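The shown structure was predicted, so the numbers you read here are calculated from the model rather than taken from an experiment. Sequential numbering from 1 along the given sequence is applied to the chain's residues.
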Amino acid sequence: MTAQPPGPSPRPVPSGELRASHDDREAVVEQLRDAAAEGRIDLDELDSRLEQALKSKTYAELAVLTVDLPRLDSAESRPPLVLKGGMYGASRGPGRWEVPGHVIAHGGLGGVRVDFTRVECRLTEVAVEAYGETSGVTIVIPDGWAADTSGMDPGVGGLTDKTTPDRLPGTPLIRLTGSGGMAGVVIRHPNRRERRKLDSNPTQG
């Protein structure tokens with residue numbers, strides 16, 4: 001049987017024609033409500049746009065509803081947080097700090113620690129690139145957060161994942177990539193000492 005020549009490749013779908021999700025529609029609804037609260041649109045216009053938002057099926061239909069509104073600074077649009085261990089190490093947290101959508105940690109000679117235990121994060125995902133290098137990277141995430149480490153190269157030092165898969169609704173997924181390098185990368189929940197400190201100072205910023 002003679003093989004048929006391959007047919008033409010399917011036409012790539014323009015981004016505006018891609019189907020919108022429930023989360024996409026909800027994000028537009030929230031932006032419209034904020035705009036009404038700031039006096040940018042009146043209540044009649046808000047009602048009309050909300051109705052259209054809930055009926056929208058594509059990104060293009062949603063985009064029309066907010067094209068005349070200022071784009072709010074979002075965590076996803078912030079530049080990556082870059083931490084470099086250097087000679088003396090580097091850390092972010094514990095304490096409240098603003099989580100961007102992308103964190104890059106280079107262990108260097110002194111090591112890096114990234115502690116998410118006291119942050120408030122409304123992102124659905126946080127991309128963390130960790131490079132263990134000479135002294136390693138430690139990432140601490142709260143109970144109820146989960147991590148996807150499938151994109152991580154363990155390197156010589158390896159990857160130690162002590163997190164549980166039990167992710168609570170509304171919490172971000174830490175999507176871990178990078179390389180263990182010589183010293184490795186550890187991602188875990190708080191240990192006993194850290195839990196005691198969290199319990200004794202629950203509102204510490």
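Not a single donor-acceptor pair under 3.5 Å links the side chain of E26 to the backbone N or O of H22. In this structure, R96 contributes its side chain and R118 its backbone to a donor-acceptor pair below 3.5 Å. Although no hydrogens or angles enter the test, the distance criterion places no donor-acceptor pair under 3.5 Å between the side chain of D34 and the main chain of Q31. Within the 3.5 Å criterion, the main-chain N or O of D115 finds a donor-acceptor partner in the side chain of W97. Side chain of E133 to main chain of G108: a donor-acceptor pair is present (N/O by atom type, distance under 3.5 Å, no hydrogens or angles). When atom types are taken as modelled, the side chain of T58 and the backbone of E61 share a donor-acceptor pair closer than 3.5 angstrom.
For the pair V140/N191, no side-chain contact is recorded, criterion being any heavy-atom separation below 4.5 Å from C-beta on. Residues L109 and M87 are in side-chain contact: their nearest non-hydrogen atoms beyond the backbone lie under 4.5 Å apart. Side-chain atoms of W145 and V126, non-hydrogen and from C-beta on, never get closer than 4.5 Å to each other. The shortest distance between side-chain heavy atoms of L83 and H106 does not fall below 4.5 Å. Within the 4.5 Å cutoff, the side chain of D148 has no heavy atoms near those of the E125 side chain. In this structure, K162 and H189 have side chains that are not in contact, with every pair of non-hydrogen atoms separated by 4.5 Å or more. Put simply, the side chain of L176 reaches to within 4.5 Å of the side chain of V185, judged on heavy atoms. Taking the side chain as every heavy atom from C-beta outward, R167 and L173 approach each other to under 4.5 Å.
There is a side-chain donor-acceptor pair under 3.5 Å between E129 and H102. The closest side-chain donor-acceptor pair between Q52 and S56, if any, does not fall under 3.5 angstrom.
The distance from atom CZ of R33 to atom CD of E38, rounded to the nearest 0.5 Å, is 14.5 Å. In this structure, CG on L81 lies 11.0 Å from CD on E98, to the nearest 0.5 angstrom. Taking CD1 from I139 and CZ from R188, the interatomic distance works out to 10.5 Å, rounded to the nearest 0.5 Å. Here the CG-CD1 distance, from L46 to I41, works out to 5.0 Å after rounding to the nearest 0.5 Å.
Of all heavy-atom pairs between G132 and A183, the closest is O-CB, 4.3 Å. Here the closest heavy-atom approach between residue P142 and residue P190 is recorded as CA-CD, 4.4 Å. Shown here for C121 and P172, the closest heavy-atom pair between the two residues is SG-CG, 4.0 Å. Between P165 and A146, the closest heavy-atom pair is O-CB, 4.4 Å.
Taken together through direct or relayed side-chain contacts under 4.5 Å among Ile, Leu, Val, Met, Phe, Trp and Tyr, L32 and L54 form part of one hydrophobic cluster. The cluster map of Ile, Leu, Val, Met, Phe, Trp and Tyr, joined by side-chain heavy atoms under 4.5 Å apart, puts V119 and I187 in the same cluster. Under the 4.5 Å side-chain heavy-atom criterion for Ile, Leu, Val, Met, Phe, Trp and Tyr, L69 and L62 are members of the same hydrophobic cluster. Taking hydrophobic clusters as Ile, Leu, Val, Met, Phe, Trp and Tyr residues chained together by side-chain heavy-atom distances below 4.5 Å, L159 shares a cluster with I174.
The local environment of CG in L168 is crowded, with over 12 non-hydrogen atoms from other residues, nucleotides or ligands closer than 6.0 Å.
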Verdict with supporting geometry, E45 and R49, salt bridge (Lys or Arg N to Asp or Glu O under 4.0 Å): CA-CA 6 Å; E45 195 170 7; R49 294 196 192 195; 2.6 Å; yes

Check against side-chain contact (heavy atoms from CB on, under 4.5 Å), L50 and V29: CA-CA 6 Å; L50 288 178; V29 165; 3.7 Å; yes

Trace of the side-chain contact (heavy atoms from CB on, under 4.5 Å) decision for V114 with V128: CA-CA 10 Å; V114 187; V128 179; 5.8 Å; no

Steps toward side-chain contact (heavy atoms from CB on, under 4.5 Å) verdict (R92, V112): CA-CA 8 Å; R92 180 57 57 97; V112 167; over 6 Å; no

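A search for side chain to side chain contact (heavy atoms under 4.5 Å, CB included) contacts involving S179 returns Y131, D153, not counting sequence neighbours.
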